[in-house]
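Proteins get letters first, then strands, A, B, ... in listed order; numbering begins at 1 in each. Everything quoted here is computed from the prediction, not taken from an experiment. Only this structure's heavy atoms are used, side chains among them; waters, hydrogens and symmetry mates stay out.
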Amino acid sequence: MSKASKQSVPQAIRGTQDIFGPDAEAFAFVVETFERVRKLYRFRRAEFPVFERTEVFARSLGETTDVVSKEMYSFEDRGGESLTLRPEFTAGIARAYLTNGWRQHAPLKLATHGPLFRYERPQKGRYRQFHQIDAEIIGAAEPQADVELLAFADQLLRELGIQDVTLHLNTLGDAHSREVWRRALIEYFELYRPHLSEDSQERLQKNPLRILDSKDRRDQKFLAEAPTIDAYLSEDALRFFDDVESGLKAAGVKYARATSLVRGLDYYRHTAFEFIPSENSSAAATLGAQSTVLGGGRYDGLLYSLGGPHTPAVGWAAGIERLAMLVGERAEEVLDLVVFSEHRESDGLAIAVATALRSAPKPLMTEFLYSGSRKKRYAKAQATGAYRGLSVEPFQGALGVVRLRDLNVEDERPMRKRIENALTAKFDCSETTIAKAHSWIINKKK
RNA sequence: GCGAUCGUAGCUCAGAUGGUUAGAGCGCCGGUUUGUGGUACCGGAGGUCGGGGGUUCGAGACCCCUCGAUCGCCCCA
């Protein structure tokens with residue numbers, strides 16, 4: 001190990017993470033599972049820019065929301081244009097739908113994943129650069145779209161093996177229902193204004209719906225009597241929600257009605273939902289205060305607010321880090337083989353052997369060791385956890401000899417055959433036994 | 001933006017009440033042993049104690065600032 005230079009090592013940006021090892025495996029497992037399940041539902045893969053004009057987010061999320069007013073990474077580019085690193089997927093996807101004329105594909109089911117950026121205080125399950133998987137259906141006004149989207153989410157969580165997470169479902173009604181309800185809430189909470197928490201007194205101005213899921217005890221005693229959306233739903237809105245509920249039952253998706261579930265962002269209508277760990281479950285403990293693992297809803301108002309035609313849409317997003325925490329650490333796959341050269345003269349043959357094994361018709365997952373003293377390599381080979389080891393040494397009158405080493409395996413037969421097939425495909429070699437070890441003398445390359 | 005706890009070798013951590021050249025285990029490098037070689041033993045490299053300022057005869061330990069981590073509030077996935 002060499003001495004560190006005098007220069008100080010740069011620190012990672014606050015709230016960013018370098019993910020490696022079992023955590024990275026869990027992350028990849030979430031993405032791979034998402035990719036697999038999304039195809040079953042025929043959501044089409046799409047990629048979107050990581051930054052957009054600032055107005056894309058400002059106009060769609062609402063200027064007063066926390067995300068826009070204090071959490072965006074915005075900057076001017078060299079042309080003086082205000083750009084913003086995406087704090088969420090939906091706005092950018094809506095923009096893409098409009099600018100590319102994707103109405104022709106409606107109803108369009110899209111799936112994507114990648115990094116998002118929010119200037120927030122990092123804590124458990126929350127980062128400044130974080131990652132989401134995302135699914136959207138644009139151009140479908142039917143409640144069946146909501147149902148299919150939720151069935152997808154539900155199946156994804158099951159296939160990830162995540163337990164004790166339940167779907168909380170609510171409706172915010174159509175634009176009119178929502179507005180009437182909102183006014184009723186303000187009127188109700190105004191009565192108790194002095195008794196509310198400071199946060200909720202402020203929410204009364206900015207976002208009265210959010211008072212409903214306040215964690216403050218002072219607020220909670222007023223929540224039971226607060227008006228619920230159900231009393232204000234228009235007939236259409238009511239019928240829509242009924243259809244969603246019966247559709248979910250038909251699809252076998254379990255859910256709990258959550259009348260206090262609301263959405264912070266302005267563009268939501270009708271269906272709103274979150275998958276949340278059950279209280280006192282280990283999943284809840286794992287996630288800490290960041291309980292929502294997947295959330296979304298219908299945003300029929302969004303595309304219009306971006307200057308497009310009235311376009312119905314539903315979607316959800318889920319935090320990959322949070323899902324990965326629930327999945328738990330995943331071990332990397334166990335290696336089939338580890339190959340190491342015992343002498344400098346056999347280094348070339350060793351890499352040729354490793355390559356032959358990796359590119360065989362039935363390839364073997366192979367680690368190739370090159371560091372450490374010769375005598376340390378056997379110990380290193382053990383430590384890789386590979387089932388078998390192959391040492392490569394010079395051999396008189398031949399290119400060299402490959403010897404099979406017992407490492408961490410019991411059933412040696414299938415592996416030995418595969419190794420032999422891989423070797424004979426690339427080399428002229430003969431089997432033998434040297435010092436009781438099964439060996440192949442490599443005569444020449446084919 | 002607000003609050004709490006924390007920051008000592010690559011990793012996990014010891015270093016009572018401030019006091020001589022800052023320690024252990026693991027890992028890494030080398031050697032002896034072994035010789036289908038995973039063991040055991042010996043040795044070595046590696047730290048301006050997150051950074052800056054202050055108090056003190058003297059600070060890793062105390063104070064202030066700053067950066068970062070962790071966990072809450074807010075908000076959200």
Side-chain angles (χ1 to χ4, degrees), chain A residues 1-4 6 8-17 21 30 61 64-72 87-90 113 115-135 153 165 197-200 202-203 206-207 210-211 213-216 262-265 273-277 285 287-297 315-326 338 340 342 371-386 388-391 393 403-408 412 433-439:
Chain A
M1 194 160 289
S2 59
K3 197 165 185 168
K6 285 280 188 287
S8 64
V9 174
Q11 286 184 314
I13 303 295
R14 177 166 218 192
T16 64
Q17 4 163 37
V30 170
L61 303 188
T64 61
T65 56
D66 278 22
V67 171
V68 171
S69 63
K70 50 191 198 197
E71 294 176 1
M72 293 205 303
E88 56 126 42
F89 274 117
T90 308
H113 67 83
L116 294 306
F117 305 85
R118 248 122 87 165
Y119 191 86
E120 295 182 282
R121 192 75 169 260
Q123 59 193 67
K124 192 173 200 172
R126 182 210 282 186
Y127 306 94
R128 288 185 172 181
Q129 177 179 334
F130 59 105
H131 303 80
Q132 289 185 344
I133 51 179
D134 182 277
V165 171
S197 66
E198 299 76 26
D199 281 333
S200 285
E202 193 169 324
R203 281 189 276 236
K206 283 172 54 183
N207 199 350
R210 286 230 74 94
I211 300 176
D213 60 6
S214 168
K215 290 172 190 167
D216 198 299
V262 295
R263 311 263 71 199
L265 305 178
F273 53 85
E274 292 179 6
F275 285 78
I276 304 174
L287 286 176
Q290 267 55 242
S291 53
T292 302
V293 83
L294 182 154
W316 55 250
I320 297 177
E321 288 87 349
R322 292 183 189 178
L323 290 171
M325 287 196 286
L326 295 181
V338 51
F340 53 102
E342 300 225 35
S371 70
S373 65
R374 210 176 303 142
K375 63 164 301 198
K376 278 266 162 94
R377 290 189 187 177
Y378 190 87
K380 281 174 180 275
Q382 287 285 349
T384 62
R388 312 306 301 266
L390 288 184
S391 67
E393 293 173 77
R403 292 211 273 163
L404 185 65
R405 307 296 190 167
D406 292 331
L407 293 177
N408 307 306
E412 57 178 42
T433 300
I434 296 175
K436 287 187 284 181
H438 196 90
S439 309

Item to check | Chi class for B:rA69: syn within 90° of 0, otherwise anti | outcome: anti
Item to check | A:Gln123, CD atom: more than 12 neighbouring heavy atoms under 6.0 Å | outcome: yes
Checklist outcome for this item: Answer for the Watson-Crick or wobble partner of B:rG3, both distances under 3.5 Å, is B:rC71
Item to check | Sugar-phosphate only, base, or nothing, as touched by A:Ala437 at under 4.0 Å among non-hydrogen atoms | outcome: base
Item to check | Side chain of A:Tyr119 (C-beta onward), nearest among B:rC71, B:rC73, B:rG1 | outcome: B:rG1
Checklist entry - Do we get A:Arg128 above A:Tyr119's six-membered ring, with its NZ or CZ under 6.0 Å from the centre and within 45° of the axis? => result yes
Checklist outcome for this item: Result for 5'-nearest mapping on RNA chain B, choosing between A:Glu393 and A:Ser291, is A:Glu393
Next on the checklist: Which residues pass the side-chain contact (heavy atoms from CB on, under 4.5 Å) test with A:Ser291, not counting sequence neighbours?
Outcome noted: A:Ile276, A:Pro277
Next on the checklist: To check you understand the geometry: which heavy-atom pair defines the closest contact between A:Arg322 and A:Val293, and what is its length?
Outcome noted: CB-CG2, 4.0 Å
Next on the checklist: From the set B:rC2, B:rA77, B:rU36, return the single nucleotide nearest to any side-chain atom of A:Arg121.
Outcome noted: B:rC2
Checklist entry - Counting side-chain heavy atoms from C-beta on, which of B:rU70, B:rG37, B:rA77 comes nearest to A:Pro122? => result B:rU70
Checklist entry - Out of B:rC75, B:rA77, B:rU36, which nucleotide sits closest to the side chain of A:Arg203? => result B:rC75
Checklist entry - If you look at every strand shown and take non-hydrogen atoms under 4.0 Å, does A:Gly315 touch a base, only sugar-phosphate, or nothing? => result nothing
Checklist entry - Under a 3.5 Å cut-off for both distances, is B:rG44 Watson-Crick or wobble paired, and to whom? => result B:rC28
Item to check | Between B:rU36 (C1') and A:Leu390 (CG): distance, integer Å | outcome: 13 Å
Checklist entry - Considering Watson-Crick and G-U wobble pairs with both distances under 3.5 Å, what does B:rG23 pair with? => result B:rC13
Checklist entry - To the nearest angstrom, how far is A:Glu202 atom CD from B:rG1 atom C1'? => result 11 Å
Next on the checklist: As a quick check of understanding, evaluate salt bridge (Lys or Arg N to Asp or Glu O under 4.0 Å) for A:Glu274 and A:Arg263, giving each step before the final call.
Outcome noted: CA-CA 10 Å; A:Glu274 292 179 6; A:Arg263 311 263 71 199; 2.4 Å; yes
Next on the checklist: The side chain of A:Gln132 is closest to which nucleotide in this list: B:rC75, B:rG72, B:rA77?
Outcome noted: B:rA77
Next on the checklist: I want to check one thing: is the phosphate of B:rA69, taken as OP1 and OP2, less than 4.0 Å away from some side-chain N or O of A:Arg14?
Outcome noted: yes
Checklist entry - Is the phosphate of B:rA77, meaning OP1 or OP2, less than 4.0 Å from a side-chain N or O of A:Arg263? => result yes
Next on the checklist: Can you measure A:Arg405 atom CZ to B:rG38 atom C1' for me and round it to whole angstrom units?
Outcome noted: 12 Å
Next on the checklist: At 4.0 Å (heavy atoms only), tell me whether A:Glu274 reaches a base, stays on the sugar-phosphate, or touches nothing.
Outcome noted: nothing
Checklist entry - Watson-Crick or G-U wobble partner for B:rG60, using a 3.5 Å limit on both distances? => result none
Checklist entry - Does a side-chain N or O from A:Gln123 land closer than 4.0 Å to OP1 or OP2 of B:rU70, or not? => result no
Checklist entry - Of A:Gly125 and A:Lys215, whose nearest nucleotide on RNA chain B comes first from the 5' end? => result A:Lys215
Item to check | Side chain to side chain, A:Pro122 and A:Glu120, heavy atoms closer than 4.5 Å | outcome: no
